[in-house]
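In each ligand, atom 1 is the first atom listed, and ligand 1 is the first ligand listed.
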Amino acid sequence: MRIGTGYDVHRLAEGRKLILCGVEIPNEKGLAGHSDADVAVHALMDAMLGALALGDIGKLFPDSDPKYEGADSMKLLAEVIKLAGQEGYVLGNCDITIIAEKPKLSEYIEQMRENLAGAFSCEVSRISVKATTEEGLGLAGEGIGAQAVVLLEKRTLKLYKA
Ligand code: MG
């Protein structure tokens, strides 16, 4: 088994969509960034790359590359999942914490979990997404952060009888 952690923060800005774990959340501001700025998926990818000791998403998807401008982070995640597969690893489980003063995220959590389970082709029970505020003391509504912990398991060959 391999374990990794990821952390990311993006600033809230006018005229941007707010996308978290591939879910578009109605809000007057969205996250600024070169890609779609899905901070939760960025933390998740960094945790996976950390588990594999393969660097980080800045190394894999440099923001100096125009190819990644406005990129759908779920598509980048699919590439990281493929890379993990090539290394012989599949997801054991992941636990993501989104740090946001606002908006309220509770009603979107299940959709986020389903999106990620779809990306990994795994049971939703392997995916945890949580949200917390920092009581106005940390990012204070100026941005949204995310932390992720990922456990990857060596893929085992399962033999089934025909
Ligand atoms: Mg990022």
Side chains of Met48 and Met45: closer than 4.5 Å at any heavy-atom pair? no

Does anything in residues 63-72 pair up under side chain to side chain donor-acceptor pair (under 3.5 Å), and if so which pairs, sequence neighbours excluded? none

Does anything in residues 7-24 form a side chain to side chain donor-acceptor pair (under 3.5 Å)? List the pairs, not counting sequence neighbours. Asp8-His10, Asp8-His42, His10-His42

Can you list, by chain and residue number, the hydrophobic cluster partners of Val149 when the side-chain cut-off is 4.5 Å? Met1, Ile3, Leu151

Test side-chain contact (heavy atoms from CB on, under 4.5 Å) on Ile127 and Cys122; report intermediate values, then the result. CA-CA 9 Å; Ile127 312 280; Cys122 74; 4.0 Å; yes

Under 2.8 Å from the Mg ion (ligand 1), the protein N, O or S atoms found are Asp8 OD2, His10 NE2, His42 ND1

Among Leu18, Ile19, Leu76, which residue satisfies the side-chain contact (heavy atoms from CB on, under 4.5 Å) criterion with Asp38? Ile19

